[in-house]
Amino acid sequence: MVQRQRFSYYKSGLLDKSLWGSRVMPTPVVAPSASNFWQHPPHDLGVPEPPSNTLRTQRTLFTPNSFRHTRLGGKLVRIPGRKWDPLRGWVHSGREKVWVKKRPPPDDADFDGNWPVGKVAKEFCEDTSLHGVQYLAASSWFERIFWATALMSALMGAGLLIREAYQKWVDAPVILSFSTLPTSVAEIPFPAFTVCNMNNARKGVAQRVLNSNEGVESERDKILLEDFCSVDTTISFGRSADEAKVEKTFARQIVQPRWSHIKEFLIRSTQPCHEMLVACAWLGFNRNCSNLFNTALTDEGLCCSFNKVPRDFLFRNPHDLSDLNVTFPFPAVDWTPESGYPWSHHQQALPWRAIGAGKHLGLTVVLDCEKQEYFCSSTASIGFKLLLHSPVETPKLQSFGFAIRPGTENFVSIQPKIRKANPAVVDVPLAKRNCYFASERYLRFYRTYTQHNCVQECEANYTVSICGCVLFYMAKDQDVRICGKRDYKCAQEARATMELSLYGETSNQSATDRPSCRCLPGCSEVSYSAKLSSSILDDSFGAKDRFTPLADHPVNITYFKENFAIIHLYFSEPEVTTYELNEINDYVGFLSNTGGLLGLFHGFSILSFIEILYFMSVRLFCTVRERNRRFQRLRIPRRRPFSFVN
């Protein structure tokens, strides 16, 4: 029986098929040279053309078990052995070379069993647009270390500058700067102008009160007169000190003046506006002063105010407050510093606006102080006090008013100061921007939030909590007691304590007793400052004939020079520089600064960030997927290489 040895056809095509079936071990086919073997492969082998680096010459090995063993491409391939010579070992003729197909050697560790992160990282370094990163893939270790150090230094420098920019943005996120466009004076209201006669009580009224002895009303008027004038009326009019002391003690125990009594006394004892205002001119035209001015309650008593909004637009609940119920002959609109004038409003509606700058487009008033009617003065002089303020604020002339001397012509040049806030500033924390929007702070009495109104309300609330009463000019409820003369010391101490707390000063009171008003400025406000200049009146230039044509009584030159004062109020410039509160850097600005620093140090941009994401996700995924596909296509399957058939 002829034993036939069948050599199985292996993928690598080691042997010639024509030699199969022979008992004699066939001689392996010697493959042609590596340069032309795969260019003209044997068609019967059916071997696909691999890359040039997949060819390898393998030397035949011999073992004493009749088989030659060699490990080709990671697989153990057995080739039939030759004759065994005990002295010489396996006898073979020459050194036979066998061409085999094996997997491509791992050029970039594709098939080393690990993820090809190193390959993707190398491709990123070679292809990225970031400055200096391509040198990290250089062949020289010295060059790699140098550029790695340079890149880390640049990254640290950019990080420090970005941290500094972020800290600046957090510490001071807003800035008050000049607006690029000026504001015309026709877009803002003319300032409210309040003028008071320094005479707190007219002499004729005071004498009638002191000489009167008609029961409770008379005693009440005497108490009020003494409170307003701070004089000892008994000594002045011949009464003994003991009798006066007993009468005062008894009267203050049984008589408690209410707001209605105080208001009536002020109206009777104070010079009315139609007598103090002799002539008026507005926007270059003579006007009736009664149509321009209204009576206003101030800390100086009853005064005359121009361009002040009605109480319905000034107070939140005007009918529940103790204030003067004054009617206005002209309509009014709800103007606020933050929202401005409504879109649809009448040009003649309060608060009025000037159409330009200069004395001829302002306000001119002629005042009469009635020097002969002086009984007591709020100061040590004779004349007028005036103050410019916002139309939605109540004036405080005792602290901020300036004096006008009779017998002078005065020129008041007005410089408005406008502050506006960008609506985006509302997102900045309050502790950083240090101002309130109108919707952020609620006032109990005042309808419009301003720092001045907040201070006024805080002073009233603190005085009530400390003294149990309020001064007559403060915003209050109708059932709150009015402070008398015995309460003035407590009220003055409360006022001083509150003002110290506003400016951050400490006092002897405990923290629980000190007021905590937190009256920050409004983010949008309009304020007015003035420059005053004056000169002496002289009849040589016809001042009396020009400025007293509307006086209701004859005026001689002597009376005119001793009692009259002329005041001109006007804007100094037709346009006003506006201050704007803006964010130093918003999110877009901070992102721009960060991108600029990263671009300066590393050439980084949004596309660079997308590029990094691409190499970390898409490129890595595609590389791994392609690796797996090549591995499945090129790997050598596990099968039995050949068998013997008897």
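Numbering of residues begins at 1 and proceeds along the displayed sequence. Just so it is clear, the structure is predicted and the values come from calculations on it, not from any experiment.
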For Thr270 and Thr295, what are the C-alpha separation, side-chain angles and deciding distance, and is it a side chain to side chain contact (heavy atoms under 4.5 Å, CB included)? CA-CA 11 Å; Thr270 305; Thr295 305; over 6 Å; no

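- Here the CZ atom belonging to Phe571 is positioned 10.0 Å from the CD atom belonging to Gln415, to the nearest 0.5 angstrom.
- Exactly one of Asn200, Asn197, Asn199 qualifies for a side-chain hydrogen bond (donor to acceptor under 3.5 Å, both in side chains) with Tyr374. That residue is Asn197.
- Using a 4.5 Å cut-off on side-chain heavy atoms (C-beta onward), Phe193 and Val365 make contact.
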Would Phe228 and Ile262 satisfy side chain to side chain contact (heavy atoms under 4.5 Å, CB included), going step by step from the backbone distance to the final call? CA-CA 10 Å; Phe228 280 105; Ile262 296 175; 4.0 Å; yes

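- Taken together, Cys289 and Cys273 fail the criterion of an SG-SG distance shorter than 2.5 Å.
- Looking only at side-chain heavy atoms (C-beta outward), Asn563 and Gln372 come within less than 4.5 Å of each other.
- In this structure, the side chains of Thr336 and Val392 stay at 4.5 Å or more apart for every pair of heavy atoms.
- Side-chain contact between Arg447 and Asp334 is present, with at least one heavy-atom pair separated by less than 4.5 Å.
- Side-chain contact between Ile466 and Glu493: absent, with no pair of heavy atoms (C-beta onward) separated by less than 4.5 Å.
- Ion pairing of Glu457 with Arg316 is absent here, as no side-chain N (NZ or NE/NH1/NH2) approaches a carboxylate O to less than 4.0 Å.
- The NE2 atom of His389 sits 10.5 Å away from atom OH of Tyr528, with the distance rounded to the nearest 0.5 Å.
- Ring orientation note: the planes of Trp352 and Phe330 are nearly perpendicular, at an angle over 60° on the 30°/60° scale.
- Here the side chains of Pro391 and Leu350 are not in contact, with every heavy-atom distance at 4.5 Å or above.
- Counting heavy atoms from C-beta outward, Phe265 and Leu225 have side chains that approach closer than 4.5 Å.
- In this structure, Asp221 contributes its side chain and Val209 its backbone to no donor-acceptor pair below 3.5 Å.
- If you check the side chains of Asp368 and Tyr559, you find a donor sitting under 3.5 Å from an acceptor.
- The line from SG of Cys435 to CG of Leu430 is 7.5 Å long, rounded to the nearest 0.5 Å.
- To the nearest 0.5 Å, the span separating NZ on Lys263 from CZ on Phe472 amounts to 14.0 Å.
- A distance-only check finds a donor-acceptor pair linking the side chain of Tyr341 to the backbone of Pro351 [under 3.5 Å].
- The number of heavy atoms from other shown groups lying within 6.0 Å of CZ (Phe285) does not exceed 12.
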After noting the C-alpha distance and the side-chain angles of Arg444 and Asp477, does the key distance pass the salt bridge (Lys or Arg N to Asp or Glu O under 4.0 Å) rule? CA-CA 11 Å; Arg444 178 185 176 189; Asp477 296 326; 2.5 Å; yes

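- Sulfur atoms SG of Cys467 and Cys490 are positioned under 2.5 Å apart.
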Please walk me through it: do Glu409 and His568 pass side chain to side chain contact (heavy atoms under 4.5 Å, CB included)? CA-CA 8 Å; Glu409 184 176 11; His568 306 280; 2.7 Å; yes

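- At least 2.5 Å separates the SG atom of Cys196 from that of Cys304.
- Listed for the Gln398 side chain is a donor-acceptor partner under 3.5 Å among the backbone atoms of Asp299.
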Derivation of the side chain to side chain contact (heavy atoms under 4.5 Å, CB included) call for Trp335 and Val309: CA-CA 9 Å; Trp335 176 87; Val309 297; 5.7 Å; no

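- The local environment of NZ in Lys489 is sparse, with at most 12 non-hydrogen atoms from other residues, nucleotides or ligands closer than 6.0 Å.
- The shortest heavy-atom contact between Glu525 and Gln451 is OE2-N, 3.1 Å.
- For the atom pair OG1 of Thr394 and CG of Asn453, the computed distance is 5.5 Å after rounding to the nearest 0.5 Å.
- Although no hydrogens or angles enter the test, the distance criterion places no donor-acceptor pair under 3.5 Å between the side chain of Thr408 and the main chain of Asn410.
- The aromatic rings of Phe293 and Phe306 sit tilted relative to each other, their planes meeting at an angle between 30° and 60°.
- Figure legend: Arg441 and Tyr436 shown as a cation-pi pair, the cationic atom lying under 6.0 angstrom from the six-membered ring centre and within 45 degrees of its axis.
- For Arg268, the CZ atom sits in a packed shell: over 12 heavy atoms of surrounding residues, nucleotides or ligands are nearer than 6.0 Å.
- For Ser179 and Glu580, the side-chain atoms include at least one donor-acceptor pair closer than 3.5 Å.
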Run the numbers on Cys454 and Cys519 for disulfide (SG to SG under 2.5 Å), then give the verdict. CA-CA 6 Å; Cys454 180; Cys519 291; 2.1 Å; yes

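- Counting heavy atoms from C-beta on, the side chains of Glu583 and Pro173 never come closer than 4.5 Å.
- Using a 4.0 Å cut-off between charged nitrogen and carboxylate oxygen, Lys396 and Glu459 count as a salt-bridge pair.
- Ring planes of Tyr570 and Phe411: perpendicular class, angle over 60° (limits at 30 and 60°).
- In terms of heavy-atom proximity, Leu361 sits nearest to Gly356 at CD1-CA, 3.6 Å.
- Note that CG of Asp487 and SG of Cys469 are 4.0 Å apart. Values are rounded to the nearest 0.5 Å.
- Residue Pro406 comes nearest to Ile382 through the heavy atom pair CD-O, 3.5 Å, listed as atom of the first residue, atom of the second, then distance.
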Apply salt bridge (Lys or Arg N to Asp or Glu O under 4.0 Å) to the pair Glu275 and Arg202, showing each step before the final yes or no. CA-CA 12 Å; Glu275 294 183 8; Arg202 306 176 79 177; 2.9 Å; yes

